[in-house]
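Taking it in order: structure first as structure tokens, then the write-up.
Reckoned from all heavy atoms, side chains included, excluding hydrogens, waters and symmetry mates. In what follows, every chain begins at residue 1, and chains take the letters A, B, ... in the order their sequences are listed.
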Amino acid sequence: MKIVVDFDLCESNAICMQIAPDLFEVRDDDFLYVLNEQPGDDDRARVEECVQRCPKQAISIEG
Amino acid sequence: MAGLRAAEALRRGGFEETIVLIGDEVHAPYDRPPLSKQILSGDWQPDRIALSTADKLADLDLDLRLGVRATGFDLGSRVVTTDDGRSDRVDGLLIATGSRCRTIPGTDDLDGVRVLRSLDDALTLRDDFDAGPHRVVVVGAGFIGAEVAATARGRGLEVTMVEALPVPLSRVLGHEIGVVCAEIHREQGVDLRTGVGVDAIDGGDRVERVVLSDGSVIAADVVVVGIGVVPNTEWLAGSGLQIDDGVVCDATCLAAPGVVAAGDVARWPNQRFGEMMRVEHWDNAIEQGIHSARRLLSTDSDALAFTPVPWFWSDQYDRKIQLAGSVRPDDECRIVTGSLEDRRFVTLYGREGRLVGVVGFNRPRHVMQYKTMIQDDVSFADALTAEI
Ligand SMILES: Cc1cc2nc3c(=O)[nH]c(=O)nc-3n(C[C@H](O)[C@H](O)[C@H](O)COP(=O)(O)OP(=O)(O)OC[C@H]3O[C@@H](n4cnc5c(N)ncnc54)[C@H](O)[C@@H]3O)c2cc1C
Ligand code: SF4
């Protein structure tokens with residue numbers, strides 16, 4: 001599973017970071033950093049929740 | 001929105017029996033916020049806004065009835081009737097019929113007078129915009145009206161926006177921030193008329209002019225009416241459920257035994273703020289949809305109260321406005337980051353010593369951090385000095 005973020009859509013509101021702080025981090029510079037682009041399948045449910053809760057539809061999953 | 005998210009939550013919660021999902025639109029569930037933004041601007045095509053994929057919908061194993069309208073429910077017999085002539089006895093009912101736009105009486109037969117709620121509405125309005133109208137009049141400078149005005153300006157159209165309040169959005173965002181919103185529209189070239197009502201919208205087959213309460217007349221080929229929404233509860237008349245500006249629920253979102261409601265249509269006491277709420281925001285539709293689904297699967301003794309900190313966003317021009325919590329005009333209000341002049345700031349709202357609300361302009365990360373503080377019941381004083 002690969003996490004893909006469309007940075008043109010992302011507005012750095014850190015909602016994904018609240019759900020999965022080990023995978024997403026919005027830093028003081030107000031940019032989103034994906035900490036682990038290829039998490040294991042154990043994380044799929046949480047990443048799917050991030051996809052669903054991102055108000056900008058900026059996150060997608062490949063594979 | 002709430003309906004689909006609830007159906008997914010029912011399956012996740014282990015419910016294996018039949019789920020019937022009824023929706024009167026012919027489209028599979030889709031996302032509404034982009035309608036006034038990327039769809040109307042022409043940047044996105046409708047396939048971008050699907051809320052699920054065909055595969056995932058199939059996995060949910062729903063009895064999906066699209067283009068079908070629920071026409072009645074009877075609490076005693078637990079029967080739902082639909083306009084395709086069917087009636088189904090149900091064990092549980094989740095009401096998520098959302099809301100529809102208020103309209104101006106007497107304009108139904110006038111072509112070119114639009115509202116924006118559904119994908120079909122958005123595509124019709126996009127066609128109007130494509131036709132290159134001389135002037136678009138937007139009635140109501142609330143969030144939807146403001147977004148439509150911004151998108152129309154982005155497409156180079158001439159826009160007049162009419163607002164009955166002296167300062168737009170002042171009831172939601174307060175006077176000062178409302179003034180900033182008004183300035184932004186004017187800088188972007190919108191002819192904003194405030195403190196005036198609409199006396200008449202007329203024309204032949206198609207709209208030609210809008211007459212305002214101050215006597216001025218504006219020539220218009222397209223009029224978009226954005227004066228708020230009303231919950232879709234008519235189909236529940238005589239059902240035995242309590243309807244009062246929405247389906248009235250208890251603190252756990254239960255409207256009657258085995259009946260729950262979620263999204264724009266639900267009114268419930270939010271114990272966190274000690275007030276009755278009906279929330280017309282995207283995130284609430286998801287969260288309440290999930291909560292009500294779980295409520296249907298739980299017993300009265302293990303049911304949880306629904307106590308969210310509501311929040312929403314609105315994108316206008318290059319401004320991202322966000323609001324979280326409960327904001328009232330008499331709350332104490334303080335700017336903590338940035339300034340109104342910069343159009344980049346965060347304002348906090350305090351009530352009885354508690355942090356209850358936050359409004360941000362172009363500060364999405366901060367708003368969400370303060371939202372967490374509201375959730376954690378942080379005092380107003382601590383929030384004002386918090387490092388963010
Ligand atoms: C143009 C637009 C832009 C928006 N932008 C934002 C934004 O930027 N940020 C934000 O937070 N929120 C925004 N919202 C609000 C958000 O989209 C709504 O709060 C959300 O869609 C509510 O979800 P819901 O499931 O309660 O209702 P809906 O999404 O309205 O779904 C209800 C469905 O039920 C159907 N229905 C109604 N009556 C019946 C019946 N009797 N039988 C069968 N079906 C029926 C309706 O046709 C509809 O398809 C926007 C809304 C619109 C319209
Ligand atoms: S939730 Fe979406 S918009 Fe927000 S930071 Fe994450 S990817 Fe960006």
Geometric class of the Trp282(B)/Trp311(B) ring pair [parallel <30°, tilted 30-60°, perpendicular >60°]: perpendicular
Parallel, tilted or perpendicular: rings of His281(B) and Phe312(B) (30°, 60°): tilted
Enclosure of Asp28(A) CG (heavy-atom neighbours >12, cutoff 6.0 Å): no
Residues of residues 46-63 of chain A near chain B, each having a heavy atom less than 4.5 Å away: Glu48(A), Gln52(A), Arg53(A), Cys54(A), Pro55(A), Lys56(A), Gln57(A)
Residues in residues 12-24 of chain A that sit under 4.5 Å from chain B, counting heavy atoms only: Ser12(A), Asn13(A), Ile15(A), Gln18(A)
Lys/Arg cation over aromatic Tyr33(A): Arg27(A), 6.0 Å, 45° cone: yes
Segment of Asp315(B) engaging chain A (4.5 angstrom heavy-atom cut-off): side chain
Arg48(B), part contacting chain A, at a heavy-atom distance under 4.5 Å: both
Asp264(B) bridged to Arg32(B) by N-O distance under 4.0 Å: no
Any residue meeting salt bridge (Lys or Arg N to Asp or Glu O under 4.0 Å) with Arg155(B), in chain and number order, not counting sequence neighbours: Asp130(B)
So [Y] and [X], do their side chains get closer than 4.5 Å, heavy atoms only?
{"X": "Trp44(B)", "Y": "Lys37(B)", "answer": "no"}
{"X": "Asn362(B)", "Y": "Asp342(B)", "answer": "no"}
{"X": "Phe7(A)", "Y": "Phe31(A)", "answer": "no"}

Under the side chain to side chain contact (heavy atoms under 4.5 Å, CB included) test, residues paired with Val358(B) that sit two or more places apart: Ala324(B), Val346(B), Leu348(B), Val367(B), Tyr370(B), Ile374(B)
